[in-house]
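A short write-up of the structure that comes next.
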Amino acid sequence: MQGLQIKNEMTQEEKFKAIIAHSKEYGYIFPSSDIYDGLSAVYDYGQMGVELKNNIKKYWWDSMVRLHENIVGLDSAIFMHPKTWEASGHLSAFNDPLIDNKDSKKRYRADVLLEDYLDKIEGKIEKDVNKGKKRFGENFDEDQFRATNPNVLRNKKKYDEVHIRMVDALEKNDLVALKTLIEACGIADPISGTKNWTDVRQFNLMFSTQIGSVSEDAGTIYLRPETAQGIFVNFLNVQKSGRMKLPFGIAQIGKAFRNEIVARQFIFRMREFEQMEMEFFVKPGTEMEWFKKWKAIRLAWHKALNLGEENYRFHDHDKLAHYANAATDIEFNFPFGFKELEGIHSRTDFDLSNHQKVSGKKLQYFDSITKENYIPYVIETSIGLDRMFLSILSSAYKEETLDNGEKRTLLSLPAALAPIKLAILPLVKKDGLPEIARKIRDDIKFDFNCQYDEKDSIGKRYRRQDAIGTPFCITIDHDTINDNMVTLRYRDDMSQDRIPIEKIRGIVEEKVSYKNLFKNITSTN
RNA sequence: GCGGAAAUAGCUCAAUUGGUAGAGCAUCGGCUUCCCAAGCCGAAGGUCGCGAGUUCGAAUCUCGUUUUCCGCUCCA
């Protein structure tokens, strides 16, 4: 260790920009369709990025599917039957008519504005009814009052009229009618107080396309907005063919698509992204216990990477989604602050029971111990692969000033995840050293991803490897010819060891194995 | 989507009131030193994001547009 000083003058924003530039310069991440000026919020993974991404997937997959005997994998299609999204609730929940107030610049759901308005009318009616109650005391006939009181009748008529028109407009997806109705009701923005509205626009967070080649026969299908539903619809297939017993899990890695209104912050929020999801099916009533267990397992998984324990925290949800009875996020300290990296949700039997309802197929599990049939409850762990990638990249990126004043930029990636594990460098490109180096490379190129480099001075080559995050370099020098020893150089502290050629494989293998990351992760069986 | 800022070589940035587009690093081909980048010679790389307009002439002025960053907004 040469007394390295880490430069701290950089602001978080500068650091984030530097990471983005570094990603492009060294082949980690490119803007999509770069030569056409890019496509908003879509990115491509380059020659280094794809390796790192694959290594992250393997780390996750093996820690789920191999470490736990009761978790199996799945790779379901991106296209799914349209009814899937009806059952999951995405069709209604992801499909909102939105309207903006031009003065306050606030955006609202048009149907919510109308519902709030209806609630107000309802409030008036109840107020009148309560007044009547007070006035008539015990003799009060509520039904009679509602049917005869002129105020109540007027409001009731108004309510029904607006309600019918709203439901009608929503059903027909008539955006013009929605706006007309909002104007007719005289709804004002609660913030600006004005009625200066834009047109109602449809924001569908699901991408749709046509299946079938002839347009009149074609049906609308969606690109999945989450991978989880592919697991739920395969629940019975997997459970029966795999003879799975509760509790058990199904894990899946795959692309998902969301037409976000605003997608930003590099690869943090993209329109096309990749999820690593695991649905764990449990006996109803045991879900909170498993929820707690999975929180602990998942946090341990993250911490095993040694990116700094202080960079993780739980964020429990106060407002729960319609399907959940408990939910938490594992947040990571990104260059733009703590943000969601992974979600852990107790989804109850929401998904399976809805699929059972919509499909008409029984999605139950027969418990041979209690002799009961029931729909299992589900604990979901859902992690954004691209976010995981960004968390690793941003914590690995370092700019150092060495004792001699030189600058060094390095990616201090966990060795198990680094794209290139080992660089093989002849000290000079003459005197037979390249030949020895190439032979070593040929001997171990199938054991790890290696890179051979003979261009420029040895120091320059070390820095190049630092920049792409290669944890180990071996250097072949003139002494190697006589003693069969090479120099093993470590990325993080730039220290060196002298080791025999035949031990390279064993030593590096031990250091880059992700098996030792699993040491602190408990198994579920 | 709204507001602000920006876009020139792979990267970081120059280019005087509008007058032939430059540097450093990186890359490539050689030479030299040889265990921690920036030694020498040479080469390649740009319709100045894109499209219009004004002008004898536009990287520079005007408008539009795309992309990125920041703040709102959105994110069952």
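Naming convention: chains lettered A, B, ... in sequence-line order (proteins, then strands); numbering from 1 in each chain.
The same atom, C1', is picked in B:rC2 and in B:rG53; the two are 28 Å apart, to the nearest Å. Comparing the P positions of B:rU20 and B:rA15 gives a spacing of 15 Å, expressed to the nearest Å. Here the separation of B:rU27 from B:rC11, taken at their C1' atoms, is 11 Å to the nearest Å. Between the P atoms of B:rU62 and B:rU17, the separation comes to 15 Å (whole Å). Nucleotides B:rA14 and B:rG46 are separated by 14 Å at their C1' atoms, to the nearest Å. Nucleotides B:rC48 and B:rA52 have their P atoms positioned 13 Å apart, rounded to a whole Å. Distance check on atom C1': B:rU16 versus B:rC74 gives 46 Å, rounded to whole Å. B:rU47 and B:rA6 have their P atoms separated by 24 Å, given to the nearest Å.
Following rounding to the nearest Å, A:Phe336 (CZ) and B:rC75 (C1') show an atom-to-atom distance of 14 Å. Note: CZ (A:Arg258) to P (B:rA76) measures 7 Å, nearest angstrom. Rounded to an integer number of Å, the gap from A:Phe257 CZ to B:rC75 C1' is 18 Å. Computed from coordinates, the A:Leu205 CG to B:rG1 P distance equals 14 Å when rounded to whole Å. Atom NZ of A:Lys339 is separated from atom C1' of B:rC74 by 12 Å (rounded to the nearest Å). The distance between atom OH of A:Tyr26 and atom C1' of B:rC11, rounded to the nearest whole Å, is 8 Å. In this entry the distance linking CD1 of A:Ile474 with C1' of B:rC36 reads 17 Å, nearest Å. In this entry the distance linking CG of A:Asp34 with C1' of B:rG46 reads 15 Å, nearest Å.
Electrostatic pairing of A:Lys439 and A:Asp443 counts as a salt bridge here, judged by a charged N lying under 4.0 Å from a carboxylate O. Electrostatic pairing of A:Asp453 and A:Lys460 does not count as a salt bridge here, judged by no charged N lying under 4.0 Å from a carboxylate O. A salt bridge is absent between A:Lys398 and A:Asp492: the closest approach of a Lys/Arg side-chain nitrogen to an acidic carboxylate oxygen does not fall below 4.0 angstrom.
Judged as a side chain to side chain contact (heavy atoms under 4.5 Å, CB included), and not counting sequence neighbours, the contacts of A:Thr480 are A:Ile436, A:Ile476, A:Asp477, A:Val486, A:Arg498, A:Ile501. Not counting sequence neighbours, A:Asn306 has no partner by the side chain to side chain donor-acceptor pair (under 3.5 Å) test. Considering only residues two or more places apart in sequence or on other chains, A:Glu509 meets the side chain to side chain contact (heavy atoms under 4.5 Å, CB included) condition with A:Asp447, A:Phe448, A:Arg505. Partners of A:Lys511 according to the side chain to side chain contact (heavy atoms under 4.5 Å, CB included) rule, which considers only residues two or more places apart in sequence or in another chain, are A:Phe472, A:Tyr490, A:Ile507.
For B:rA38, there is no paired base (Watson-Crick or G-U wobble, both distances below 3.5 Å). Nucleotide B:rC61: paired with B:rG53 (Watson-Crick or G-U wobble, both distances less than 3.5 Å). Under the Watson-Crick or G-U wobble criterion, with both distances below 3.5 Å, B:rG3 is paired with B:rC70. Of all nucleotides present, only B:rG10 satisfies the Watson-Crick or G-U wobble test against B:rC25, with each distance under 3.5 Å. The partner of B:rA15 cannot be assigned: no Watson-Crick or G-U wobble pair with both contacts below 3.5 Å exists in any strand.
Judged by the 6.0 Å and 45° rule, A:Arg387 forms a cation-pi pair with A:Phe268. Cation-pi geometry between A:Arg313 and A:Phe338 is met: under 6.0 angstrom from the ring centre, within 45 degrees of the axis. Taking the centre and axis of the six-membered ring of A:Phe334, the NZ or CZ atom of A:Lys339 falls outside the cone set by 45° and 6.0 Å.
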Using nucleotides 64-69 of chain B, report all nitrogen or oxygen pairs with the protein that are shorter than 3.5 Å.
{"from": "B:rU67", "atom 1": "O4'", "to": "A:Asp37", "atom 2": "O", "distance (Å)": "3.3"}
{"from": "B:rU68", "atom 1": "OP1", "to": "A:Ala41", "atom 2": "N", "distance (Å)": "2.9"}
{"from": "B:rU68", "atom 1": "OP2", "to": "A:Ser40", "atom 2": "OG", "distance (Å)": "3.2"}
{"from": "B:rC69", "atom 1": "OP1", "to": "A:Phe266", "atom 2": "N", "distance (Å)": "3.1"}

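Toward the 5′ end of RNA chain B lies the nearest nucleotide of A:Lys24, the other residue of the pair A:His345 and A:Lys24 mapping further downstream.
Classification of the A:Phe16-A:Phe266 ring pair by plane angle, with boundaries at 30° and 60°, yields perpendicular.
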**Request:** If a protein heavy atom is under 4.0 Å from the base, mark B; if only from the sugar-phosphate, S; if neither, -; do that for nucleotides 22-35 of chain B going 5' to 3'.
**Result:** ----SSS----SBB
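Here the nucleotide nearest the side chain of A:Ala21, chosen from B:rC36, B:rA76, B:rU12, is B:rU12.
A:Glu226 comes within 4.0 angstrom of a base, heavy atoms only.
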